Structures are given as structure tokens and as C-alpha cells.
Amino acid sequence: MNIKFALAISFLVSTISVCGQTYITNVTVLDVEKQKLITHQTIEITDDVISNIKKSSALNIPKDAVIIDGTNKYVVPGLVDSHIHFFQNGGLYTRPDAIDLQKYWSYTDEIALAKSDMETTLKRYLKHGITTLIDVGATYNFLEQRKSYSDKAYAPEILMTGPLLTTYEPEVYANLGKDEPFILTQTIEDGINGVKAQLPHSPDFIKIWYIAGRDGLSIEASAQKNLPIVKAIIDEAHKHHLKVAVHAVQQVTAKLAVEHGADFLVHSIKDELLSPEFVTLLKTNKTVLSPTLQVHGAYRNTFGQRLEMSNYELAESDPYQLGSLLDLKHLSDTILIENYKTRTNTAKSIADLKKADAISMANLKTLSDAGVLIATGTDAGNIGTLHASSYLKELQLMQDSGMNNWQILQASTINGAKIFDKEKEFGTVSIGKKANLLLLDANPIDAIENLTAIHSVINKGTVFTPNELLQDTPADLAQRQLNAYNFRNIEAFLEPYADDVEVYTFPNTLKYKGKATMREIYGNMFKNIPNLHCELEGRIIKGNTVIDKERVQVGDKIKEAIAIYHIENNKIQKVYFVK
């Protein structure tokens with residue numbers, strides 16, 4: 001045989017692959033568009049596409065196929081978080097323009113951490129069933145970095161803008177080069193050039209930070225002054241077939257933006273109840289709105305040291321970013337910290353937050369009832385709004401506004417796809433769409449919290465169980481129990497421990513054994529001792545052993561302590577306290 005011909009045949013054979021097929025059998029499909037349950041279905045997935053859906057009795061399954069038994073389970077489209085920021089980590093040090101703590105942790109280090117943690121952050125999102133992420137304000141470096149994840153099965157699809165175009169830039173973000181999250185646009189020409197500068201980096205859309213009032217003018221006057229720049233940016237972006245998202249939290253800025261072509265409003269309007277005319281404008285223009293209900297309060301509650309975390313958040317969040325949110329209790333700059341605490345805990349500040357939240361909730365109900373497209377978004381990455389784990393809280397707040405569970409599920413799936421006209425690609429469980437699916441052990445229409453009862457996540461046709469995607473390290477377990485200690489949450493505190501945990505005085509004196517005794521000791525401590533707080537001063541990790549040096553405030557006393565944690569089978573099995 002001719003050698004060239006043989007090589008050609010060999011190459012042809014090597015590039016033809018038998019389609020990998022997966023079948024989810026006898027499952028209940030949630031049709032998010034028609035708002036109905038379709039029982040006893042079998043879903044055929046070929047490679048990364050849903051290739052067939054039929055009544056289970058009507059579909060023949062090949063012998064060599066992968067089969068997932070969907071009996072008593074529910075399948076929904078992969079979830080969409082339509083508002084996140086990869087350049088922010090969610091912890092206390094991530095926004096130095098909001099609170100400057102760079103003497104403890106530099107912003108250079110914070111940026112480096114965000115970039116090095118991107119893979120873990122992506123896996124955390126997918127673990128929670130979120131298969132599409134929309135980064136509404138990134139940097140050139142993140143636009144480049146996301147390319148390395150485009151073919152990774154563990155990574156959600158990422159739709160990303162470049163730096164925010166703004167007429168106001170906090171000084172701390174200036175002159176950061178490709179790490180700069182803002183482009184200052186003070187003239188029409190600046191705005192046009194700001195769009196053009198992003199084009200070589202292939203953004204999926206353009207974002208405007210429409211900030212009114214920072215220039216000393218009234219909100220109305222400032223909005224009108226900056227409108228020509230906003231309009232120029234929108235027009236230039238549309239010339240290049242890019243949609244435009246706008247940060248606008250006042251009705252006047254939002255209305256002006258939509259009147260001049262904005263495609264996507266990325267926050268609730270929180271200064272006043274929406275006029276019927278504006279609601280009609282949004283619906284007519286098919287403008288999508290992402291409410292981001294929790295982010296404002298997360299800042300205030302962190303600074304006021306009145307932050308609360310659910311058991312779910314304590315178990316599922318990045319434990320280090322969550323833990324940092326309580327650092328205000330022990331950092332040495334007490335004057336700065338006390339000023340923040342005092343200012344955010346005044347009666348007026350608390351009343352203003354409640355009023356803004358109430359207006360946002362009422363406006364969301366009005367928009368949802370009117371049929372305006374709502375897309376679930378958390379604004380994760382901001383202080384106190386943690387990546388991935390904050391999604392459930394956002395859904396619960398949407399429910400509190402009066403949206404029903406079908407509406408919330410639409411907002412979390414198909415409406416997210418509609419932002420970029422991708423509803424033919426994903427957002428429903430339909431033949432021909434991407435195999436980005438969430439297999440649940442309980443029905444989310446019965447309770448929206450059932451979206452966390454995840455059996456499997458299918459992303460790009462690959463099936464994952466949540467624990468496959470991201471497992472706690474020994475240090476994670478030590479940090480999670482420390483966080484729960486500081487939140488005085490006994491259930492979350494005990495969760496990382498083995499049922500037969502052994503607690504010793506170093507080196508080998510057994511103090512007690514078992515969670516029941518630990519529950520009694522620490523439960524009483526959390527309930528009865530004021531000013532209880534543990535500061536981690538140092539940590540050594542050696543295999544499955546974690547050694548923490550701690551400074552513990554107990555009432556009006558300060559104690560130095562060393563705790564040694566031995567981890568077995570992903571639980572803390574033994575603890576040694578060094579006196």
C-alpha cells in the first residue's frame with residue numbers, strides 16, 4: 001500500500017470517533033417555558049448535546065451506553081448566574097475603594113489570588129449546578145485567562161465583558177494595566193475609544209458603570225451631563241454587534257440608559273417605585289434586568305459586624321473568604337473599624353437599607369408580574385457576596401419578593417440565555433441544546449431550596465457528582481469549623497467532625513470522645529459566653545494534619561492556644577489542644 005495513502009487512512013480513522021452516549025432514564029423533566037412537569041422521560045445525550053427526549057418506554061438504549069437512573073429524580077437546565085465578578089473574591093479585602101485594609105493585605109496580592117483561584121472558583125460554581133456565568137465587569141487579564149477554560153468539562157461557560165466604562169474611577173484602581181477593572185471615560189471620544197480598546201480582547205459585551213452624583217451635582221443633573229457619553233458607548237458597541245449592560249440603580253439613570261439602547265440592567269432600581277411608563281419601556285425593548293438583591297446589605301452587614309451566615313453558606317462557601325469577613329473583630333486599626341461600624345449601625349443607616357431593600361423587592365414583583373425579563377444574578381465577588389454559595393440566598397430573596405418558583409426557575413435558566421440571544425443553545429431541557437443539566441433528588445417547584453439537592457451535574461455532556469468537582473482539604477475543614485465557631489453556629493461547627501471524634505490535651509490525655517459531648521460543651525459556650533472570637537495567627541499543614549495557632553477572646557479574657565487537627569476520611573477525627 002502506498003505509504004502516503006496509508007497515513008491518510010490512519011489519520012481519517014483517528015479523527016472519527018464513535019459518539020459517546022449517556023442516557024438519563026425515567027426522569028421528570030421540568031419544562032421551564034411551559035411551567036409543567038413531564039414525567040417518565042428518558043434523555044439521550046450524544047457528546048455534549050441533548051440528542052433525544054422520549055417517553056421511557058419508547059426509547060431503545062444501546063448496550064454500551066452510560067445509564068443514569070432518574071427514577072424519582074428531576075432534571076432542570078443548568079443554572080445561570082447573570083452577574084458575577086472574577087476580579088473580586090467576596091472577602092473583606094477585595095474592594096479597597098469600599099474599605100481600605102491594604103496594610104494587612106495588599107491589593108496586588110488580592111488580584112493575584114483572584115487569578116490563581118479562578119479554577120477552584122469555576123469548580124465551585126459547577127458543583128452548585130451553575131453551568132453559565134456572566135462576568136459583568138472584568139479585566140483584560142481575565143478576558144485572556146478565561147480562554148484556558150473554554151474546553152474544560154469542569155468549567156461553566158463564561159460570558160465576559162472587559163473593564164467597566166465609567167465617568168468615575170476610584171483612585172485605587174488606576175494605573176493597574178491589564179488588571180485595571182475600569183476605563184475612565186470623561187468625553188464622548190473617550191467612550192468610543194473605550195469600546196474600541198476592548199475589541200482585540202474579544203469581549204462578549206460592553207459594560208457601563210453609570211454613576212450619578214459623584215461629581216457634586218444632583219442625581220438628575222449628573223445623569224443628564226453624562227448621558228452623551230453613555231449614548232456614544234452604546235452606539236459604538238452596537239456597531240460592533242455587542243450588547244451593552246448598564247449599572248444603574250436610580251430610575252432616572254436606568255430610564256435614560258434603556259431609552260438610548262441599553263440591553264441589560266444589572267441591578268434593581270432602589271431609589272423609588274417604578275413608574276408604569278418605565279415598566280412598559282423595559283417590556284417593549286425586551287430589556288433584561290438582574291435584581292442582585294443581597295449585595296447592598298452584605299456590605300452594610302459586614303461593616304456593621306452584624307453579618308449572618310446560614311448552615312449552607314458556612315458549609316459551601318470558600319471558607320477563607322467567608323472567614324475574612326469577621327476579621328474586623330480583631331484587626332488592629334480600631335478607629336477605622338469603629339467608624340465603619342458606628343456609621344453603618346446608626347438608626348438612619350439601617351432604616352435607609354431597609355427602605356432600599358423594600359423598594360427593590362417591590363419593583364422586582366412589579367417587573368415580574370408585568371412579564372419583564374428577569375435574570376438571576378448575585379453580583380458575587382463583592383464583599384460578603386460569596387462566589388457560588390450566594391446563589392441560593394438570591395433565589396430566596398426573589399421568592400420573598402413574591403416571585404413563584406416557576407418564575408424564579410425561568411429567571412435562573414432560559415432568561416439568562418436570552419440576555420445574549422442564546423436561548424436556542426441552552427436554557428431549557430430540549431433536543432438540540434447543550435447538555436448542561438442539573439439532576440436533582442427533589443422537586444424545586446415544591447421548594448426552591450431543592451435546587452441544592454444535587455445528584456449530578458452534566459456540563460458539556462460530562463457527568464459529575466458534586467464531591468468529584470471539589471472536595472474539602474484538611475485545611476478547609478479546619479477553617480470551616482473555625483468560621484462556624486466565630487458565628488456561634490453549633491450545627492455548622494460540628495459538621496466537619498467525625499461522629500466519634502476524640503479530643504485530647506496534648507500529647508495524649510483524652511478529654512472526651514464523640515459529637516454529643518462536643519455539642520454540649522460548645523453549645524453552652526456559644527449560648528452563654530459573650531465576646532467569643534477566635535483569630536487565626538498561623539497555620540501549618542502537613543499531610544492530613546493541620547496545626548493552628550490561635551488567639552481566642554473569651555468574654556473579657558484573651559487566651560493563646562494551639563490546636564492540632566488530624567483528618568481521616570474527610571472528617572476531623574482527632575483534636576489535640578496544646579496548653
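Remember, predicted model here, so these are calculated numbers, not experimental data. Values below: all heavy atoms of this structure, side chains included; hydrogens, waters and symmetry mates excluded.
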Less than 6.0 angstrom from the centroid, inside 45 degrees of the normal: does Lys123 satisfy that with respect to the ring of Tyr154?
yes

Check whether any side-chain heavy atom of Ile206 sits under 4.5 Å from a side-chain heavy atom of Gln198, and report yes or no.
yes

Under 4.0 Å between a side-chain nitrogen and a carboxylate oxygen: does that hold for Glu468 and Lys127?
no

Go through Tyr522 and Phe493 one step at a time and tell me if the ring-ring contact (aromatic ring centres under 6.0 Å, His included) criterion holds.
CA-CA 9 Å; Tyr522 283 91; Phe493 174 74; 4.6 Å; yes

Would His296 and His267 count as a ring-ring contact (aromatic ring centres under 6.0 Å, His included) here? Give the steps.
CA-CA 10 Å; His296 186 203; His267 291 291; 10.0 Å; no

Is it true that Lys434 and Glu425 have a side-chain N and a carboxylate O under 4.0 angstrom from each other?
yes

Hey, is Lys571 close enough to Glu495 for a salt bridge, meaning N to O under 4.0 Å?
yes

Mind checking what makes side chain to side chain contact (heavy atoms under 4.5 Å, CB included) contact with Lys115, not counting sequence neighbours?
Ile111, Asn141, Phe142, Gln145, Asp179

Evaluate Ile383 against Leu325 for side-chain contact (heavy atoms from CB on, under 4.5 Å), listing each step before the verdict.
CA-CA 8 Å; Ile383 295 176; Leu325 298 173; 4.0 Å; yes

Between Tyr107 and Tyr173, is the gap from one ring center to the other below 6.0 Å?
yes

Identify whether the distance between the nearest side-chain nitrogen and carboxylate oxygen of Asp476 and Arg480 falls below 4.0 Å.
no

Could you tell me the separation between the CD1 atom of Ile84 and the OG1 atom of Thr292, rounded to the nearest 0.5 Å?
13.5 Å

Donor-acceptor under 3.5 Å (Asn363 side chain, Ser360 main chain)
no

Applying the side chain to side chain contact (heavy atoms under 4.5 Å, CB included) test to Phe86, which of Asp117, Leu143, Asp135 qualifies?
Asp135

Looking at Lys515 and Asp499, does any basic side-chain N land under 4.0 Å from a carboxylate oxygen?
yes

Neighbour count >12 (heavy atoms, 6.0 Å) for atom NZ, Lys178:
no

Got a salt bridge between Arg519 and Glu491, using NZ or NE/NH1/NH2 to carboxylate O under 4.0 Å?
yes

Look at atom NE2 of His566 and say whether more than 12 heavy atoms of other residues, nucleotides or ligands are closer to it than 6.0 Å.
yes

